[in-house]
Amino acid sequence: MDDSLNKIAWPVATERLSLRRLESNDLEATWRYRQLPEVTRWITSAPGSLDEYRKYFLEEGRIARDVAVEVEAVGGKVLIGTVMLKVQDGWGQSEIAEKARQAEAEIGWSFDPAYGGKGYATEAVRTVLELSFGALGLRRVTAECFAANEPSWRLMERLGMRRESYARQSGLHRSGEWMDGMTYALLAEEWGELVTA
Ligand SMILES: CC(C)(COP(=O)(O)OP(=O)(O)OC[C@H]1O[C@@H](n2cnc3c(N)ncnc32)[C@H](O)[C@@H]1OP(=O)(O)O)[C@@H](O)C(=O)NCCC(=O)NCCS
């Protein structure tokens with residue numbers, strides 16, 4: 001199992017949030033918002049019951065690549081979202097492919113809409129980019145979304161991610177519609193320019 005996220009000193013505090021590794025006992029806290037139609041509309045899997053969600057959530061390796069995002073509230077910390085940080089191999093020609101191993105990451109997110117519109121998701125994903133290029137030393141980070149998922153691509157553009165592809169009708173939505181998809185990316189050197197600008 002990939003243990004890349006062990007290289008980070010958790011928990012990581014941001015201005016308003018605390019980021020930590022996701023744990024198996026976060027099942028119910030994530031189910032609380034992951035079952036909402038406005039969240040499942042855009043994400044890959046939409047388990048229909050807590051039992052189905054448990055199977056999905058506990059699939060080998062899934063928890064290991066996710067970061068839990070918490071905010072301080074009356075009565076203690078509340079889990080408001082998760083950010084996937086999946087470290088993976090870059091592509092390389094076979095003689096040199098070894099050097100591309102674990103060189104990049106795919107990121108993704110889902111947040112509780114009750115805490116939307118406050119910049120929490122932006123703050124959390126910004127920190128995940130910082131960790132990707134900092135502690136993890138990655139060279140490239142990518143993320144994908146349906147083109148119609150405007151909040152998601154606005155978040156990426158707010159953080160300086162670059163639209164790298166726009167594919168027509170590339171993804172089958174569970175509504176039955178083939179929808180356009182987009183890929184965004186950021187290189188370590190681009191991130192360096194953004195943070196020093
Ligand atoms: C994608 C998603 C995380 C975006 O949520 P969000 O609420 O738009 O994101 P944020 O919490 O960062 O809030 C950003 C908004 O808050 C505003 N905001 C307020 N205070 C802010 C602050 N301090 N910093 C940044 N933005 C702030 C921004 O202007 C922005 O509003 P705008 O979009 O009208 O310009 C959320 O819609 C979601 O979880 N969707 C369901 C799952 C999903 O689609 N996952 C992705 C699949 S590809």
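The figures here come from the full heavy-atom set of this structure, side chains too, leaving out hydrogens, waters and symmetry mates. Start at 1 and go down the list; that is how both ligands and their atoms are numbered.
Residues E164 and T183 bring no donor and acceptor atom of their side chains to less than 3.5 Å of each other. Checked by atom type, the side-chain pair R34/S110 shows a donor-acceptor distance below 3.5 Å.
The distance from ligand 1 to the heavy atoms of R154 drops below 4.0 Å at these ligand atoms: 32 (P), 33 (O), 34 (O), 35 (O). Each of the atoms 48 (S) of ligand 1 lies under 4.0 Å from some heavy atom of C145. Heavy-atom proximity to N149, at under 4.0 Å, picks out these atoms of ligand 1: 43 (C), 44 (O), 46 (C), 47 (C), 48 (S). Less than 4.0 angstrom separates some heavy atom of T122 from each of these atoms of ligand 1: 10 (P), 12 (O). When each atom of ligand 1 is checked for a heavy atom of S152 under 4.0 Å away, the hits are 1 (C), 46 (C), 48 (S). Every atom of ligand 1 is numbered from 1 in the order shown, and the set under 4.0 Å from a heavy atom of R16 is 23 (N). Applying the 4.0 Å criterion to heavy atoms of Y120 picks out, from ligand 1, the atoms 11 (O), 12 (O). Near E144, with a cut-off below 4.0 Å to any heavy atom, the atoms of ligand 1 are 48 (S).
Distance from atom 38 (C) of ligand 1 to its nearest protein heavy atom, with residue and atom name: F111 N, 4.1 Å. Nearest protein neighbour of atom 15 (C) of ligand 1, counting heavy atoms only, is G117 CA, 3.7 Å.
Annotation for W42 and M179: closest pair CZ3-SD, 3.8 Å, computed over non-hydrogen atoms.
Under a 4.0 angstrom heavy-atom cut-off, R41 registers as lying outside contact with ligand 1. Ligand 1 lies out of reach of G108, whose nearest heavy atom is not under 4.0 Å from it. Note on ligand 1: R158 sits in its first shell, one or more heavy atoms being nearer than 4.0 Å. Look at E15 and you'll find every heavy atom at least 4.0 Å from all atoms of ligand 1.
Heavy atoms of other residues, nucleotides or ligands lying less than 6.0 angstrom from CZ of R174 number more than 12. Applying the 6.0 Å contact sphere to CZ of R158 captures more than 12 heavy atoms from other residues, nucleotides or ligands. Counting non-hydrogen atoms of other residues, nucleotides and ligands closer than 6.0 Å to CG of L172 gives a total above 12. Within a 6.0 Å sphere centred on CD of E38, heavy atoms belonging to other residues, nucleotides or ligands number more than 12.
Protein heavy atoms are absent from the 4.0 Å sphere centred on atom 40 (N) of ligand 1. Atom 36 (C) of ligand 1 is never approached by the protein to below 4.0 angstrom, counting heavy atoms only. Atom 29 (O) of ligand 1 lies below 4.0 Å from none of the non-hydrogen atoms of the protein.
Between E157 and R154 there is no salt bridge, since no side-chain N of the basic residue sits under 4.0 Å from a carboxylate O of the acidic one. Between R101 and E98 there is a salt bridge, with a side-chain nitrogen of the basic residue lying less than 4.0 Å from a carboxylate oxygen of the acidic one.
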Open item on the list: R32 vs D112, test: side-chain contact (heavy atoms from CB on, under 4.5 Å). Steps then yes/no.
Closed with: CA-CA 8 Å; R32 190 171 44 78; D112 184 345; 2.9 Å; yes
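Of the listed options G119, A121, S110, A121 places a heavy atom closest to atom 5 (O) of ligand 1. In this comparison of M84, M182, K118, M156, the heavy atom closest to atom 22 (C) of ligand 1 sits on K118.
Residue P151 places no N or O, backbone or side chain, under 3.5 Å from any N or O of ligand 1. Residue-to-ligand polar distances place W109 within reach of ligand 1: an N/O pair is separated by less than 3.5 Å. Distances between N or O atoms of V39 and those of ligand 1 include no value under 3.5 Å.
Stacking of R62 on the aromatic ring of F57 is not recorded, the 6.0 Å distance cut-off and the 45° axial limit not both being met.
Classified by interplanar angle (parallel below 30°, tilted 30° to 60°, perpendicular above 60°), the ring pair F146/H173 is perpendicular.
Side-chain contact between D26 and T82 is absent, with no heavy-atom pair separated by less than 4.5 Å.
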